[in-house]
Amino acid sequence: MVWESWFTIAIVCVLLYALARRWASTDLLVLASLAALVTVGELSTAFALDSRSLNPEATFYLPTVAQAIDGFGSRSVVTIALLFAAVVGLELTGGTELATSWLLRRPKSAVDAQLRLVAPVAALSAFLNNTPIVAAMLPVVTDLAKKMQVSPSKFFLPLSYAAILGGMCTLMGTSTNIMVYDMIQQSPGGRPLHFFEPAWVGLPATLIGILYMTVGSRWLMRDRKPAVSTSDDPRQYTVEMEVVPSGPLAGQSIEDAGLRHLPGLYLAEIERGGEVYQAVRPTQKLQSGDILIFVGMLESVVDLQKIRGLEIASEQARKVAAPAWNRSLVEAVVSPRCPLVSKSIREGGFRTHYGAAVIAVARGDRRVPGKLGDVVLQPGDVLLLDAPASFTQSRRDTRDFFLVSAVENASVRRPERAWIALGVITLMVLAAASGFLDLTTAALCAVIAMICSRCCTSTEARRGIDWSVLVVIGAALGIGKAMETTGAAAGIADTILLLAGNNPMFVLAAVYLSTMICTELITNNAAAALMFPMAWSAASSMPGVDPLPFAIAVMIAASAGFATPFGYQTNLMVYGPGGYRFTDYLRFGGPLDLIVFAVAMVMIPWVWPLQ
């Protein structure tokens with residue numbers, strides 16, 4: 001190997017160590033490594049120190065700038081960005097909850113609830129990028145844990161693992177699959193894969209993995225408490241919700257409507273035709289136009305908007321000038337200088353004065369009596385407002401309020417468009433799976449349809465793209481190119497062959513295990529980009545051996561990051577909400593790593609013969 005090969009290997013080793021030790025964010029470290037390779041390559045060329053200048057017959061060299069940044073414009077990066085944007089419409093309309101809530105409504109036990117959770121999540125993750133799926137399911141799982149009165153740690157890690165397993169089943173299930181598929185097509189001798197081809201390994205791994213999680217979690221998963229628990233919030237908001245006329249809740253009992261055991265909320269009373277019903281019975285039937293008065297925590301009040309068949313009862317909220325897609329929920333603390341102090345919300349004309357509607361009021365840990373419009377404001381009251389997006393900035397420095405802050409993950413939803421969003425996503429999946437449209441084209445059409453149907457705006461679609469993931473993929477592809485052009489990949493592949501004794505099955509296992517270990521220490525996309533050229537080179541150097549099974553091994557192993565929080569992005573997403581420790585991942589995810597490895601070693605040689 002030439003000096004460029006050793007330099008590239010050294011950079012990759014430093015990168016792996018830095019990522020494992022968490023010196024900085026993943027995207028920054030990968031970009032810095034790519035920058036080091038490009039800079040040294042430029043300097044060596046300028047001073048005629050590269051191998052081609054020293055030896056005209058040399059074929060190995062550090063990549064040029066154009067080659068290094070080519071990964072940022074690859075089809076895989078564009079496709080992943082489009083999939084992120086397409087799922088935004090599903091999130092903002094409540095389509096995810098619509099698709100899963102019916103299954104999670106009445107679990108009989110924690111194991112039953114866990115099975116009801118992981119099955120639909122795995123199915124959805126096969127067709128949607130699993131990162132936004134897990135993000136959309138976090139509040140659903142929080143509610144499920146509260147309803148079951150069990151530790152959320154019983155659900156969050158299985159949620160992440162189910163998304164990872166389901167993502168192995170199709171080409172669009174994970175960003176890793178899309179990236180490896182793109183590299184297969186660009187490699188000598190590579191061929192296109194069918195949409196469901198990864199399912200030969202992914203489906204049995206998912207079924208066995210779900211069985212393992214539902215059985216093994218009882219003994220291997222500890223009860224943990226989240227680092228920040230919403231149940232510690234002392235504020236008690238009072239909010240009025242109206243039963244939508246002719247909606248899905250009209251005619252149902254409170255028990256059947258699922259309003260009896262709402263997490264962090266209780267139904268204080270019902271107003272119907274001027275009469276007030278207190279101490280509401282579970283069997284009492286709801287009628288169109290009923291006003292339901294709930295008392296509870298902020299997060300739970302926000303979640304009320306997700307229940308189909310309920311809407312904010314305040315007429316003022318319907319008169320806010322800004323359209324639904326340009327509004328958000330805002331908390332504001334009333335100051336003594338507010339001109340509406342000692343006046344009721346209705347009398348003071350709050351909506352006219354501020355252009356926002358009060359939808360809930362909190363006064364310490366006490367319930368605010370009376371109808372919302374008749375509440376007399378006092379200094380220190382916390383108001384939950386339905387306000388235009390500009391309200392937070394324009395009122396932040398006013399003396400009328402002590403504090404003005406937007407409520408996270410509480411965009412005003414468009415539940416009336418949930419079925420449209422589900423339809424768009426379904427058509428996208430069918431078009432890509434049937435081969436009628438290329439995956440990139442199908443995702444692009446889905447994004448345009450989401451925006452045109454007002455399931456999301458173009459701004460929300462852009463915000464929904466996880467740019468750090470795209471940066472990691474683009475830069476990792478550049479580093480992978482350096483491994484190829486410098487001959488480092490071929491050198492490492494020769495070492496693998498030497499250790500495996502040129503036995504294709506042993507080489508396959510070595511490639512899988514090496515990729516899996518890299519995934520656990522760094523990230524799935526970086527591991528795939530670094531290991532793919534080595535795997536392809538190792539297979540190509542063995543006479544009569546097809547490199548495709550080795551690429552499939554990289555694809556599966558790069559997603560098999562179960563034993564550490566760092567192995568997969570969704571593992572990090574549930575780390576805080578679940579209150580987990582590092583050992584929880586090792587204890588519960590380690591055996592799952594071995595299960596998927598065993599399935600892969602059986603299925604890959606059977607479906608894609610090595611020779």
Side-chain angles (χ1 to χ4, degrees), residues 5 8-17 19-20 26 29-30 33-34 37 71 74 76 164 168 174-188 190 198 201 472-500 504 506-542 545-564 566-568 593 596-597 600-601 604 608 610:
S5 304
T8 302
I9 292 173
I11 288 293
V12 170
C13 289
V14 171
L15 173 62
L16 295 175
Y17 183 76
L19 287 169
T26 300
L29 290 172
V30 179
S33 300
L34 181 63
L37 291 169
S74 67
S76 58
I164 295 171
M168 294 179 181
T174 70
S175 57
T176 306
N177 288 7
I178 297 171
M179 183 178 67
V180 173
Y181 174 57
D182 192 31
M183 290 190 290
I184 291 173
Q185 290 185 298
Q186 295 177 12
S187 300
V201 180
V472 169
I473 293 173
L477 287 172
I479 297 174
K481 187 67 176 179
M483 297 284 290
E484 178 184 341
T485 60
T486 62
I492 295 175
D494 290 341
T495 304
I496 293 175
L497 288 174
L498 182 63
L499 295 175
F506 289 168
V507 174
L508 182 70
V511 165
Y512 186 100
L513 292 173
S514 299
T515 307
M516 186 184 73
I517 292 171
C518 283
T519 300
E520 297 289 11
L521 295 177
I522 50 174
T523 64
N524 54 326
N525 292 314
L530 295 177
M531 288 300 302
F532 180 86
M534 303 176 201
W536 198 270
S537 297
S540 300
S541 63
M542 290 184 290
V545 173
D546 184 4
L548 183 60
F550 297 81
I552 298 294
V554 171
M555 180 184 288
I556 299 298
S559 295
F562 303 108
T564 70
F566 323 118
Y568 210 90
D593 268 339
V596 177
F597 169 69
M601 289 301 100
I604 290 177
W608 301 275
L610 302 182

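Source: prediction; values computed, not measured.
Atom CD1 in Ile552 sits 8.5 Å away from atom CG in Asn177 (nearest 0.5 Å). Within the model, atoms OG1 of Thr515 and CE of Met534 stand 8.5 Å from one another, a figure rounded to the nearest 0.5 Å. To the nearest 0.5 angstrom, Thr176 atom OG1 is 9.0 Å from Ile178 atom CD1.
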Verdict with reasoning, Val14 to Ser33, per side chain to side chain contact (heavy atoms under 4.5 Å, CB included): CA-CA 9 Å; Val14 171; Ser33 300; over 6 Å; no

Take Trp608 and Asp546 through the side chain to side chain contact (heavy atoms under 4.5 Å, CB included) test and state the conclusion after the steps. CA-CA 8 Å; Trp608 301 275; Asp546 184 4; 5.6 Å; no

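Closest heavy-atom contact between Ala529 and Pro533: O-CD, 3.2 Å. Across every non-hydrogen atom of Val507 and Ala538, the tightest pair is CG1-CB, 4.2 Å. For Thr174 against Ser559, the heavy-atom pair with the smallest separation is OG1-OG, 4.0 Å. The two residues Ala475 and Leu34 have their closest heavy-atom pair at CA-CD2, 3.9 Å. Minimum interatomic distance between Ala563 and Asp593 (heavy atoms only, all atoms of both residues): CB-OD2, 3.4 Å.
Using a 4.5 Å heavy-atom threshold, the side chains of Ile184 and Phe532 count as touching. Using a 4.5 Å cut-off on side-chain heavy atoms (C-beta onward), Phe550 and Leu610 make contact. Put simply, the side chain of Pro504 does not reach to within 4.5 Å of the side chain of Leu508, judged on heavy atoms. Put simply, the side chain of Val201 does not reach to within 4.5 Å of the side chain of Met555, judged on heavy atoms. Side-chain contact between Val596 and Tyr512 is present, with at least one heavy-atom pair separated by less than 4.5 Å.
Judged purely by atom type and a 3.5 angstrom limit, Ser514 has no side-chain atom pairing as donor or acceptor with the backbone of Val511.
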